K.L.:
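Mind having a look at this structure? Questions to follow.
In this chain, residues are counted from 1 in sequence order. Quick caveat, the model's predicted, so the values are computed rather than measured.
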Amino acid sequence: MNHIPDILAPAGDANSFLAAISAGADAVYCGLKHFSARMQAENFSIQELAGLTALAHDKGRKVYVAMNTLTKAGEEGKAGRLADRLAKVVKPDALIISDLGLADVTRQAGFTGELHLSTLANVTSQTCLSVLPQLDISRVVLPRELGVDEMRLMADACPEGVDLEVFVHGALCHNVSGRCWWSSFLGGKSGLRGRCVQPCRRVFSRKGQPGRYFSCQDLSLDVLAKALLTIPQIKAWKIEGRKKGPHYVFYTTTAYRMLRDSPDDPQAKKAALSYIEQALGRPTTHYGFLPQKPRNPVDAQSPTGSGMLVGRLTMSEARRYFVNPRQPLLPGDLLRLGYEDEAGHQVVRVSRTVPKGGRYDLTLAGKGKERPRAGMSVFLIDRREPELGRRIAALESELRKYPEVSSVESSFQPVVPKPYKAPRGVRAESVHIWRQPPKGPAKGAAGVWVSATKTQHLPLGRAASTWWWVPPVIWPNEEKDFLDILEVILKRGGKRFVLNAPWQTGLFGNRKRREMELWAGPFCNLANPLALGKLKEMGFDGAIISPELSGADILDLPRKSPLPLGIVVSGLWPLGISRTMTQEVKACEPIVSPKGETCFVTRYGQNHWIYPNWELDMRDKEEALVKAGFLQLIHMREPMPKSIERKDRGCVFNWDIGVM
């Protein structure tokens, strides 16, 4: 029997919020000026969002606020005061979080609504779901990489009180959400903190052949979304696009509402597809939704910028730029000249109505801006139709009837866990993590990545002394294989495990935790004492923190942490982990960015690990790290292919420059 999921629409500003309401969205998700994973969006103030939420609630719609960023130590109080003000003034129905520290501090601050776990949190397989009720999580946003059969597996595993949310439309990241450090590694602008500069969208070169090898088309399930109606645990269809304008929000929301409400009506399907085509997004793909017909989302030889091509840039004899549009232009329309990584790229606002085939002279940015080239593609990226404008204006008129909310201050201070103190005589140890451990005696303590496919390389004879590292992404269709190999490791005496998502404790079921030593790995993106405190409550014995923090933040964290800490000090650190890779990219071949940075791809199981050709090396910081209180110094012994020229960059990640 079909159920009726919510249509969940994005909003990056007030006009988009009102466009979502006008289009019939059942719920709207948005962010504030801080702690949002889309910091490039305009986002909202507390006062502005309070009025919009009141309007939405009066119309029977829900509002979710995203606070889904990695939180650094020292930011807990600020996050808590924001949650306090939200609870008192805005009263959203749910908060979307990815950091367990924010799950803790928002409850401390008095927020009583639902907590939804963002796709950035990487709940990627079935047993992970069993952990969530104890963490007060009521909804999980599933990864975009799942096929419909995997979604059914996840749905069947949902414990009571936990439901699912699925992306049906919008931009695709090449890497798994929460498993990408590309932007941060190249300059401190962390995708986990909403500041990704999208280096994956650039033109790269392999064997001298340029291509956008990591740039994805947009996801669009369109008519295939009908299959989700048979999965009752999926309570919301989510549209990505908090950086998009009201035109996109209105058109996509309308389309998926029609596809949900009239799934068997041919005319409704046709109209919905027309709306999607006019939404001004990128070219679209079904990705891996149909397991029997998976689509590679990367077309390396085709640009994937958003917008509708309306013409080519022309230069007159008087050296003025103009365009003859292939369709009418309206006042307020936004035109993008070229692509965002193209010289001379800029955005121009249309000031008057232009008929199809007419001429529109462009007023370009002033001095200091590189001039565009003649022949450059011109795209319509947002527009203001009169009818949509009237709809938004009518809602604005309603909104003005609500009294303006006064600014509310908060004096909230979080309760932090008691810091861990190492027993006398405990010393730091170096731990070397291998894909395939050496046959002879290992240098220092040894760890190995658990593999469900290359089990012959696992040192089962040394199971009791080995640190067993669980991969940061396990997919539903491979979870059983991992459960089987973990059972073998346990039977051989394995007891020391590093889990690279907190929810992976579900892999061990009801097994007594006192029989093993569990550490949270660096791929858990840990950066604050409240998150570490939640891990302690879950039964973890220690944690390896995120290496993307500044040196000052790293050295400060041990004195605040309720758990003993470790940190990665050397080795290859991935730019990102992906489930997809265009066939043009071969394993272990050099791929060069426009700025001369070289990376390569290695496949482990179902995932492609993208590495730079230089290693993280903070070995000269070891003395300071030990003095600060770190007890594990991790060396990632990832193999560098012979085909890749190693570059010595003296890389310390964001130690010196900090992370934004």
K.L.:
Indicate yes or no: does Glu597 engage Arg202 in a salt bridge with an N to O separation below 4.0 Å.
P.N.:
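Answer for the salt bridge query: yes.
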
K.L.:
Can you list the residues that meet the ring-ring contact (aromatic ring centres under 6.0 Å, His included) rule with Tyr420, with sequence neighbours excluded?
P.N.:
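ring-ring contact (aromatic ring centres under 6.0 Å, His included) list for Tyr420, sorted by chain: empty.
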
K.L.:
Could you grab the distance from atom SG of Cys173 to atom CH2 of Trp182, nearest 0.5 Å is fine?
P.N.:
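If we round to the nearest 0.5 Å, Cys173:SG and Trp182:CH2 are 11.5 Å apart.
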
K.L.:
So, Glu584 and Gln209: side-chain donor and acceptor under 3.5 Å apart, yes or no?
P.N.:
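There is no such pair (donor and acceptor under 3.5 Å, judged by atom type) between the side chains of Glu584 and Gln209.
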
K.L.:
Any donor and acceptor pair, going by atom type alone, linking the side chain of Trp449 with main-chain N or O of Gln436 inside 3.5 Å?
P.N.:
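No, Trp449 side chain to Gln436 backbone: no donor-acceptor pair under 3.5 Å.
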
K.L.:
Quick one: ring-ring contact (aromatic ring centres under 6.0 Å, His included) partners of Trp181, sequence neighbours excluded?
P.N.:
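Checked Trp181 against ring-ring contact (aromatic ring centres under 6.0 Å, His included); matches are Phe523, Trp573.
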
K.L.:
Arg139: what forms a salt bridge (charged side-chain N to carboxylate O under 4.0 Å, His left out) with it, not counting sequence neighbours?
P.N.:
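Per chain and number, Arg139 pairs via salt bridge (charged side-chain N to carboxylate O under 4.0 Å, His left out) with Asp163, Glu165.
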
K.L.:
I would like to know whether Gln198 and Ser183 meet side chain to side chain donor-acceptor pair (under 3.5 Å); could you show each step before the answer?
P.N.:
CA-CA 6 Å; Gln198 298 185 318; Ser183 179; over 6 Å; no

K.L.:
With sequence neighbours excluded, tell me which residues meet side chain to side chain donor-acceptor pair (under 3.5 Å) with Asp299.
P.N.:
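Here the qualifying residues are Ser302.
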
K.L.:
Could I get the full list of salt bridge (charged side-chain N to carboxylate O under 4.0 Å, His left out) partners for Arg435, not counting sequence neighbours?
P.N.:
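Listed in chain order: Glu638.
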
K.L.:
Would you find a donor on one side and an acceptor on the other, under 3.5 Å apart, between the side chain of Glu479 and the backbone of Ile474?
P.N.:
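Looks like no, no N/O pair under 3.5 Å.
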
K.L.:
Check whether any side-chain heavy atom of Pro502 lies under 4.5 Å from a side-chain heavy atom of Leu535, and answer yes or no.
P.N.:
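Side-chain contact under 4.5 Å: yes.
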
K.L.:
Quick check against the 3.5 Å criterion: does Arg212 have a side-chain atom that pairs as donor or acceptor with the backbone of Gln301?
P.N.:
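It does not hold such a pair.
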
K.L.:
Working note: Thr69 + Arg193, criterion side chain to side chain donor-acceptor pair (under 3.5 Å); need CA distance, chi angles, decisive distance, verdict.
P.N.:
CA-CA 5 Å; Thr69 59; Arg193 289 174 62 81; 5.5 Å; no

K.L.:
Can you find a side-chain donor-acceptor pair between Thr285 and Asp218 that sits under 3.5 Å?
P.N.:
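Note: Thr285 and Asp218 side chains miss the donor-acceptor criterion.
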
K.L.:
Quick test of your reading: applying side chain to side chain donor-acceptor pair (under 3.5 Å), list the pairs with at least one residue in residues 481-491, sequence neighbours left out, ordered by first then second residue.
P.N.:
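Every side chain to side chain donor-acceptor pair (under 3.5 Å) pair that includes a residue of residues 481-491, provided the two are not neighbours, is Lys480-Asp484, Glu487-Arg511.
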
K.L.:
Does a side-chain N-to-carboxylate-O contact under 4.0 Å join Lys495 and Glu517?
P.N.:
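Judged by the 4.0 Å cut-off on N to carboxylate O distance, Lys495 and Glu517 do not form a salt bridge.
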
K.L.:
Got a sec, which residues hit side-chain contact (heavy atoms from CB on, under 4.5 Å) with Gln583, two or more places apart in sequence or on another chain?
P.N.:
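With sequence neighbours excluded, Gln583 shows a side-chain contact (heavy atoms from CB on, under 4.5 Å) to no residue whatsoever.
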
K.L.:
Can you run down the salt bridge (charged side-chain N to carboxylate O under 4.0 Å, His left out) pairs that involve residues 532-557, sequence neighbours left out, and say none if there aren't any?
P.N.:
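For residues 532-557, and leaving out neighbouring residues, the salt bridge (charged side-chain N to carboxylate O under 4.0 Å, His left out) pairs sorted by first residue read Lys72-Asp553, Lys534-Glu537, Asp556-Arg559, Asp556-Lys560.
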
K.L.:
Fit a plane to each ring of Tyr604 and Trp609, take the angle between them on a 0 to 90° scale, and name the class: parallel (under 30°), tilted (30 to 60°) or perpendicular (over 60°).
P.N.:
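Tyr604 and Trp609: perpendicular rings.
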
K.L.:
Would you check if Pro590 and Asn613 make a side-chain contact, meaning some heavy-atom pair closer than 4.5 Å?
P.N.:
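A side-chain contact under 4.5 Å is absent here.
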
K.L.:
Less than 4.5 Å apart, side chain to side chain, heavy atoms only: is that true for Pro529 and Glu76?
P.N.:
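A side-chain contact under 4.5 Å exists here.
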
K.L.:
Answer yes or no: is there a side-chain heavy-atom contact under 4.5 Å between Phe204 and Val592?
P.N.:
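Result no, sub-4.5 Å side-chain heavy-atom pair not found.
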
K.L.:
Going by atom type alone, with no hydrogens or angles, which donor-acceptor pairs under 3.5 Å involve a side-chain atom of residues 621-635 and a protein atom two or more places apart or on another chain?
P.N.:
residue, atom, partner, partner atom, Å
His635, ND1, Ser570, OG, 2.6

K.L.:
About how many Å separate OG1 of Thr582 and CG of Asn296, when rounded to the nearest 0.5 Å?
P.N.:
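Asn296 CG to Thr582 OG1: 5.0 Å, rounded to 0.5 Å.
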
K.L.:
Is the shortest side-chain heavy-atom distance between Leu142 and Thr119 below 4.5 Å?
P.N.:
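They are not in side-chain contact.
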
K.L.:
Any heavy-atom pair between the side chains of His116 and Val140 that's under 4.5 Å?
P.N.:
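The answer is no, as the side chains (C-beta and beyond) never meet within the 4.5 Å cut-off.
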
K.L.:
With distance as the sole test, does Ser561 use its side chain to make a donor-acceptor pair with the main-chain N or O of Leu557 at under 3.5 Å?
P.N.:
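Side chain of Ser561 to backbone of Leu557: no pair is present.
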
K.L.:
Among Trp467, Trp469, Phe508, Trp519, find the residue that satisfies the ring-ring contact (aromatic ring centres under 6.0 Å, His included) test when tested with Phe497.
P.N.:
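Considering Trp467, Trp469, Phe508, Trp519, a ring-ring contact (aromatic ring centres under 6.0 Å, His included) with Phe497 is found only for Phe508.
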
K.L.:
Report yes or no: is the cationic atom of Arg295 (NZ for Lys, CZ for Arg) under 6.0 Å from the centre of the six-membered ring of Tyr287, at an angle within 45° of the ring normal?
P.N.:
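Here Arg295 fails the 6.0 Å and 45° test against Tyr287.
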
K.L.:
Nearest 0.5 angstrom please: Leu532 CG to Ile545 CD1, how far?
P.N.:
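Leu532 atom CG to Ile545 atom CD1 measures 8.5 Å (nearest 0.5 Å).
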
K.L.:
Once you round to the nearest 0.5 Å, how far does CG of Leu563 lie from CD1 of Ile544?
P.N.:
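The CG atom of Leu563 sits 11.5 Å away from the CD1 atom of Ile544.
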
K.L.:
Which residues pass the salt bridge (charged side-chain N to carboxylate O under 4.0 Å, His left out) test with Arg649, sequence neighbours left out?
P.N.:
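Listed in chain order: nothing, the list is empty.
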
K.L.:
Out of curiosity, Ser125 OG to Glu150 CD, how far, rounded to the nearest 0.5 Å?
P.N.:
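It comes to 10.0 Å.
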
K.L.:
Which residues satisfy the salt bridge (charged side-chain N to carboxylate O under 4.0 Å, His left out) test with Glu340, sequence neighbours excluded?
P.N.:
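None.
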
K.L.:
Evaluate Ser184 against Asn654 for side chain to side chain donor-acceptor pair (under 3.5 Å), listing each step before the verdict.
P.N.:
CA-CA 8 Å; Ser184 180; Asn654 295 319; 2.9 Å; yes

K.L.:
Under 4.5 Å between any side-chain heavy atoms of Pro417 and Leu530, yes or no?
P.N.:
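Counting from C-beta outward, Pro417 and Leu530 do come under 4.5 Å.
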
K.L.:
Are side-chain N/O atoms of Arg179 and Asn122 paired as donor and acceptor at under 3.5 Å?
P.N.:
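Per modelled atom types, Arg179 and Asn122 side chains form a pair under 3.5 Å.
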
K.L.:
Are Tyr611 and Phe600 close enough that their ring centers fall under 6.0 Å?
P.N.:
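For Tyr611 and Phe600, the ring centres are under 6.0 Å apart.
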
K.L.:
Between Ser643 and Glu589, does any side-chain donor sit less than 3.5 Å from a side-chain acceptor?
P.N.:
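No pair is found: no donor N or O on one side chain lies under 3.5 Å from an acceptor on the other.
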
K.L.:
Could you pull out all residues at least two apart from Arg603 that satisfy side chain to side chain donor-acceptor pair (under 3.5 Å)?
P.N.:
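Expected list: none.
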
K.L.:
For the CG atom of Leu146 and the CG atom of Asn477, what is their distance to the nearest 0.5 Å?
P.N.:
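Answer rounded to 0.5 Å: 9.0 Å.
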
K.L.:
Just by distance, no angles: are the side chains of Arg144 and Ser177 close enough, under 3.5 Å, to form a donor-acceptor pair?
P.N.:
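Ser177 and Arg144 do have a side-chain donor-acceptor pair below 3.5 Å.
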
